[in-house]
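Side-chain atoms are counted along with the backbone in the values below, which use heavy atoms only and exclude waters and symmetry mates. This is a predicted model, so every value here is computed, not measured.
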Amino acid sequence: MCYIRITGCIFDLIIINFHAPTEDKRDDIKEDFYEELDRICDITSNYSVKIVLGDFNAKVGKEEVYRPTIGRDSLHDTSNDNGTRLINFCMTNGMVLSSTYFPRKDIHKQTWVAPNQVVKNQIDHIMIQNRHKGCIQNITFRGADSDHYLVIAKFMTRLSVHWRENKGKLSEKFCTEKFAEECVSNEFAHTMHHETLRLNNENNDENVEHIWKKIKTTVINSAKSCLGKEKRKIEEIEKNRFNSKKFFSNSKDVKQGYKQQTRMVRNQTGDLLTNEKDIAEEFKNYYKMLLNKTASRPSDATYIQYSTAEPSLEKVIREINHSHQVEVVNKEIILAYADDIVILGNSRQDITQTMSNLVTASKRMGLRINEEKQNL
């Protein structure tokens, strides 16, 4: 895995190339690979054009749920495990699979041929950031003296018409985190409702452009009055210097930026669910099954005896008390008070026998009785 940075006039171009694990590799190997790929994408600049290409060993299908991350012109109909991982990586990093967007005959979509010359797949792909997807204008495949075909992409930088006009102007950002407060959210809704009614009462003979500018101005003014401008991240980090949790959280946000979350799950039959209600229902059924399992029969149960370590002296005294036949002071013949031990008995012979048992048991536990302090 490697990447190269090419300096350009307007944008820098970063090309990341790698060879992914095959389909039959273990899951931990695949996860380690995509973690490393995520790390490389994080350390490279987000202001550059990123192109990720190589042998992904991934069959990408034509599933509707993955649009617009993938196009309609893939060679395969269904994605395999590597293909699903690749699509999730694209969604998380805001990329599209450009190699699935250009219509070709199936024989011109193949990028790999098996040694038997029968099995042919499309497993080599080219990805680019979603906001720059229009820069790749064409992708072609050509045969070579290898089992992999050449994948050729035509790249041309495209700029917005108003790019030069807006160059140097920073877009105004608002503190949208305040929407979590109910009073601020209600105030913004009330302000927008009042301003919208005022616009409706004004002259309706204006064209669409003027109406749109008024609506835009209304939204911006309402946001200014209710939300206020967003604080600079560096100021927020400096403010929370002594709050380690917020400090590292804000630093991580600045370093990695926003990442889209993939909200998909497979049900018990293996079908992919994307609707929030279906996903919630699937989790409900799963936990219902998990938490309401029927108890196994006693004959099938496995019993495990656990033992916990106890203080050695306490264990020695307890064993002697339970094994002795003489009933003295509530069936206890040895009493312990901190570091002092008192032996009770009906006769001198009983006390001597108990003392002998105590010495023998203490030696097994690695303890030693101080004979100088004995009093009979």
Side-chain angles (χ1 to χ4, degrees), residues 6 8 11 13-20 22-23 34 37 41 48-161 260 262 264 266 270-275:
I6 302 175
F11 295 111
L13 181 63
I14 298 176
I15 301 176
I16 304 173
N17 180 263
F18 64 90
H19 184 275
T22 55
E23 180 71 10
Y34 279 101
L37 187 58
C41 289
S48 304
V49 181
K50 295 182 185 178
I51 297 179
V52 183
L53 49 85
D55 181 5
F56 291 85
N57 282 307
K59 296 180 183 178
V60 178
K62 302 176 182 178
E63 294 90 346
E64 291 286 343
V65 294
Y66 294 137
R67 307 281 169 78
T69 303
I70 63 175
R72 302 175 182 271
D73 300 294
S74 178
L75 176 64
H76 308 284
D77 295 325
T78 307
S79 303
N80 61 359
D81 179 63
N82 277 357
T84 304
R85 292 175 184 270
L86 178 60
I87 294 171
N88 289 338
F89 167 78
C90 292
M91 289 181 174
T92 304
N93 292 275
M95 292 186 168
V96 295
L97 272 160
S98 299
S99 51
T100 61
Y101 268 88
F102 298 95
R104 296 282 187 275
K105 291 183 179 181
D106 286 349
I107 59 174
H108 296 150
K109 297 177 183 178
Q110 303 159 358
T111 63
W112 176 80
V113 57
N116 58 10
Q117 302 296 318
V118 176
V119 179
K120 298 180 180 180
N121 296 320
Q122 184 183 14
I123 58 176
D124 301 88
H125 300 281
I126 296 179
M127 300 181 301
I128 194 172
Q129 294 159 301
N130 187 41
R131 67 176 184 268
H132 297 298
K133 63 182 179 180
C135 296
I136 293 184
Q137 300 182 351
N138 191 16
I139 292 180
T140 56
F141 307 95
R142 294 289 183 270
D145 295 333
S146 172
D147 55 346
H148 286 269
Y149 297 162
L150 292 176
V151 183
I152 305 171
K154 182 179 180 181
F155 178 85
M156 182 177 292
T157 305
R158 300 180 64 181
L159 300 176
S160 171
V161 177
Q260 181 181 357
T262 54
M264 294 180 290
R266 292 187 184 273
D271 299 329
L272 197 65
L273 303 179
T274 56
N275 186 274

Query - Trace of the side chain to side chain contact (heavy atoms under 4.5 Å, CB included) decision for D73 with R104 - result: CA-CA 7 Å; D73 300 294; R104 296 282 187 275; over 6 Å; no
Query - CA sep, side-chain torsions, deciding dist, call: H132, M95, side chain to side chain contact (heavy atoms under 4.5 Å, CB included) - result: CA-CA 9 Å; H132 297 298; M95 292 186 168; over 6 Å; no
Report task. List the steps and the verdict of side chain to side chain contact (heavy atoms under 4.5 Å, CB included) for N82 and K59. Result -> CA-CA 7 Å; N82 277 357; K59 296 180 183 178; over 6 Å; no
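Not a single donor-acceptor pair under 3.5 Å links the side chain of T111 to the backbone N or O of Y149. A donor-acceptor contact shorter than 3.5 Å links the side chain of Q122 to the backbone of L75. Of the possible polar contacts, one joining the R67 side chain to the K62 backbone as a donor-acceptor pair under 3.5 Å is found. Of the possible polar contacts, none joining the H76 side chain to the N121 backbone as a donor-acceptor pair under 3.5 Å is found. Panel note: side chain E63, backbone S79; a donor-acceptor pair is recorded below 3.5 Å. A donor-acceptor pair under 3.5 Å is absent between the side-chain atoms of N138 and the main chain of K154, judged by distance alone.
Nearest heavy-atom pair, T69 versus Y101, reported as atom, atom and distance to 0.1 Å: O-CE1, 4.1 Å. In this structure, I139 and I136 approach most closely via the heavy-atom pair CG1-CG2, 3.9 Å. Contact record, S48 with Q129: O-OE1, 3.1 Å, taken as the closest heavy-atom pair. The heavy-atom pair separating S98 from I128 by the smallest distance is OG-CG2, 3.4 Å. What you find for S99 and H125 is that their closest heavy atoms are OG-ND1, 2.9 Å. Nearest heavy-atom pair, A20 versus N57, reported as atom, atom and distance to 0.1 Å: O-ND2, 2.8 Å.
Below 30°, between 30° and 60°, or above 60°: for H148 and W112 the angle between ring planes is between 30° and 60°, a tilted geometry.
Each of L86, N88, T92 was scored for a side chain to side chain contact (heavy atoms under 4.5 Å, CB included) with Y34, with one residue passing: L86.
Here the straight-line distance linking atom CG of N130 with atom CE of M127 works out to 13.0 Å at 0.5 Å rounding. With rounding to the nearest 0.5 Å, the separation of CD1 in I126 from CZ in F155 is 11.5 Å. Going from atom CZ of R131 over to atom NZ of K133 covers 13.0 Å, rounded to the nearest 0.5 Å. Taken from CG in N17 to CD1 in I51, the straight-line distance is 12.0 Å, to the nearest 0.5 Å. We find the NZ-NZ distance between K120 and K109 to be 15.0 Å, quoted to the nearest 0.5 Å. Between the CZ atom of F102 and the CD atom of Q137 there is a distance of 8.0 Å, given to the nearest 0.5 Å.
Side-chain contact between Y66 and V60 is absent, with no heavy-atom pair separated by less than 4.5 Å. Using a 4.5 Å heavy-atom cutoff, the side chains of I16 and C41 are in contact.
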